[in-house]
Each structure stands twice: as C-alpha cells, then as structure tokens.
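First comes the structure, then the notes that go with it.
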Amino acid sequence: MHVVAIATPAGKFTAGLTSRGLARLEFPRKLGPGADARMTLDDDDSPKLAAWRELTAAALRDSLAGKRPRRLPPLDLRGGTPFQCRVWRALRGIAAGRTRSYGELAALVGTLRGARAVGAACGANPVPVLVPCHRVLAANGKLGGFSGGLDWKRRLLSAEGVAFRAM
DNA sequence: ACTGGGTAAACAG
DNA sequence: CTGTTTACCCAGT
C-alpha cells in the first residue's frame, strides 16, 4: 500500500492507495509525540497512483466544502466482510445533504433488526467522507458516533446543510 | 431522563 | 462454541 498525504483547507489527510484503488483514508491526526512514525510517505508512485491521488484530493476538497464530488477514484474495499461491503455500498447511495438512520440502513441491506451491526460496520468504514458514513444518524435524530471524532461528523453534515440534534 | 431487554455481527479465546 | 463489545432501537417507567 502506498501512503500519501492529501493537503486540504481542513488539514493534512492521509490516503492509502493500492494497485486497485483507494483503500484507506484517515483524518488529520493530532500531532503527538512520535506521531510521524507511521507516516512513511511514498514519493515514487506510478502515474496511475498519482492520478488517483489527485482524484482523491479533488473529491475530498469538494466533500469538505459540502459539494458533491464530480468523480471518485476507484475504491479498493476488499478488506470488508460481506456484511460490511453491503453496508458500505448502501452508504454510497445516500445523496449529499440527505441522511438515513442506522435502522433504515439495516432494512436497506436486508437485516431488519441489525441497526447495531450497521453501526459497527460504519465504524469499520476504511474510507470515511468519500464513503459517507457521516450521513447516518440515530433514529431519534441524534448524531450517533463517528470513528474520526464527532466534531468531524458535525462539520461534514453542516457543510451539506443537514440539521441534527445536539448530543 | 433513565433503564433494561432485544438485537446482528465481529472478535478473542 | 461462549462470552464480550459495539457509531442501535424501542417500550417501559
């Protein structure tokens, strides 16, 4: 996996690219002692990977501004279990500015009472923002959780003009 | 506002 | 297989 930095107005994201596409996306990390240890940046990417890095950067900047990205890089989501892949695919069907509840998403993937399992699958989403797990709220309109921290979830939803109940 | 039971899936052992 | 944990949900207090 080729690890590259993606600069945005909101900070430096980290993307992991494989020969099949974008496999991971991480929010800017708080700089702690030794925070750079895992940041083995990769400069000599192939033209293909460089193109995907630019697609990722453009899509990420659009998404952070609340706009729908015109084009996404290919995604390499092989890591997931069959259930997680169903959930992640369903996530991509939620348009910008719209939300669903964990329970609704469970019904969409054919697991009627699996709201909690859907939450766990969202937490395992390797490509947040572009696979929009932030558009899933709890059934009562509250936020639920977010792997990157609830501040990011609030920020992404606000950029899309979505209203939500404070927690 | 808080509690408890029900629930599906992943994971450790 | 059993136990534990989870970004849940709903009907009761």
Side-chain angles (χ1 to χ4, degrees), chain A residues 1 3 5-6 8-18 20-32 35 37-39 56 59-69 72-167:
Chain A
M1 177 145 75
V3 177
I6 307 271
T8 77
K12 191 163 76 173
F13 284 66
T14 306
L17 297 165
T18 70
R20 313 260 303 239
L22 177 66
R24 303 191 45 82
L25 189 62
E26 290 180 15
F27 290 96
R29 267 190 292 280
K30 290 245 186 324
L31 298 162
R38 303 202 312 129
M39 288 278 285
T56 301
L60 189 51
R61 283 192 280 264
D62 281 346
S63 297
L64 291 171
K67 297 169 45 182
R68 183 174 147 72
L72 291 186
L75 302 178
D76 180 2
L77 301 178
R78 278 170 305 165
T81 66
F83 176 77
Q84 288 169 338
C85 289
R86 291 210 309 283
V87 171
W88 298 340
R89 187 199 322 272
L91 286 172
R92 300 188 59 195
I94 309 177
R98 302 295 306 277
T99 64
R100 314 228 77 130
S101 73
Y102 293 95
E104 287 169 337
L105 207 54
L108 279 180
V109 302
T111 307
L112 236 2
R113 281 162 292 279
R116 201 165 187 175
V118 165
C122 289
N125 171 19
V127 188
V129 186
L130 301 188
V131 176
C133 56
H134 58 279
R135 295 181 191 139
V136 187
L137 305 183
N140 53 14
K142 300 208 303 195
L143 274 183
F146 197 65
S147 58
L150 285 176
D151 285 346
W152 277 109
K153 191 167 186 173
R154 282 188 274 262
R155 175 176 190 153
L156 292 163
L157 290 171
S158 298
E160 297 180 5
V162 169
F164 48 87
R165 304 227 313 241
M167 298 204 51

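Reminder, nothing fancy here: chain letters follow the sequence lines and each chain counts from 1.
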Sugar-phosphate only, base, or nothing, as touched by A/G123 at under 4.0 Å among non-hydrogen atoms: base

Nearest-angstrom distance from the residue atom CG of A/L112 to P of C/dC8: 18 Å

Atom-pair distance (NZ on A/K142; P on C/dC10), nearest Å: 14 Å

Closest listed nucleotide, where the reference is the side chain of A/A117 and the choices are C/dA7, B/dA9, C/dC9: B/dA9

Complementary nucleotide for C/dT2 - Watson-Crick or wobble, under 3.5 Å: B/dA12

Touch class at under 4.0 angstrom, heavy-atom based, for A/A115 against every strand present: sugar-phosphate

Spacing of A/R113 atom CZ relative to B/dG6 atom C1', expressed in whole Å: 10 Å

Strand partner of B/dA1, provided both Watson-Crick or wobble distances fall under 3.5 Å: C/dT13

Gap between atoms CD and C1', on A/E104 and C/dC10 respectively (whole Å): 15 Å

Whole-angstrom distance between C/dA7 and B/dG6, as gauged at atom P: 22 Å

Of the listed nucleotides C/dA7, B/dA10, B/dA9, the one nearest the side chain of A/Q84: B/dA10

A/A120 or A/R116, whichever maps to the more 5' nucleotide of DNA chain B: A/R116

Steps toward side chain to side chain contact (heavy atoms under 4.5 Å, CB included) verdict (A/R135, A/L91): CA-CA 8 Å; A/R135 295 181 191 139; A/L91 286 172; over 6 Å; no

For atom CZ of A/R154 and atom C1' of C/dA7, their distance in whole Å: 13 Å

Euclidean distance, atom OH of residue A/Y102 to atom C1' of C/dA7 [Å, nearest integer]: 4 Å

Sugar-phosphate only, base, or nothing, as touched by A/G114 at under 4.0 Å among non-hydrogen atoms: sugar-phosphate

Non-hydrogen atoms of A/A23 and A/M1 that approach each other most closely: CB-SD, 4.1 Å

Nearest heavy-atom neighbours spanning A/V136 and A/C122: CG2-SG, 4.3 Å

Nucleotide C/dT6, atom P - distance to CZ of A/F146 in whole Å: 18 Å

Sugar-phosphate, base or nothing in reach of A/F83, heavy atoms under 4.0 Å: sugar-phosphate

Below 4.0 Å: OP1/OP2 of C/dA7 and any side-chain N or O of A/S147: no

A/K153 side chain vs A/C133 backbone, donor-acceptor pair below 3.5 Å: no

Distance, rounded to the nearest Å, where A/N140 contributes CG and B/dA1 contributes C1': 13 Å

Heavy-atom closest contact (A/W88 atom, A/N125 atom, distance): NE1-CA, 3.6 Å

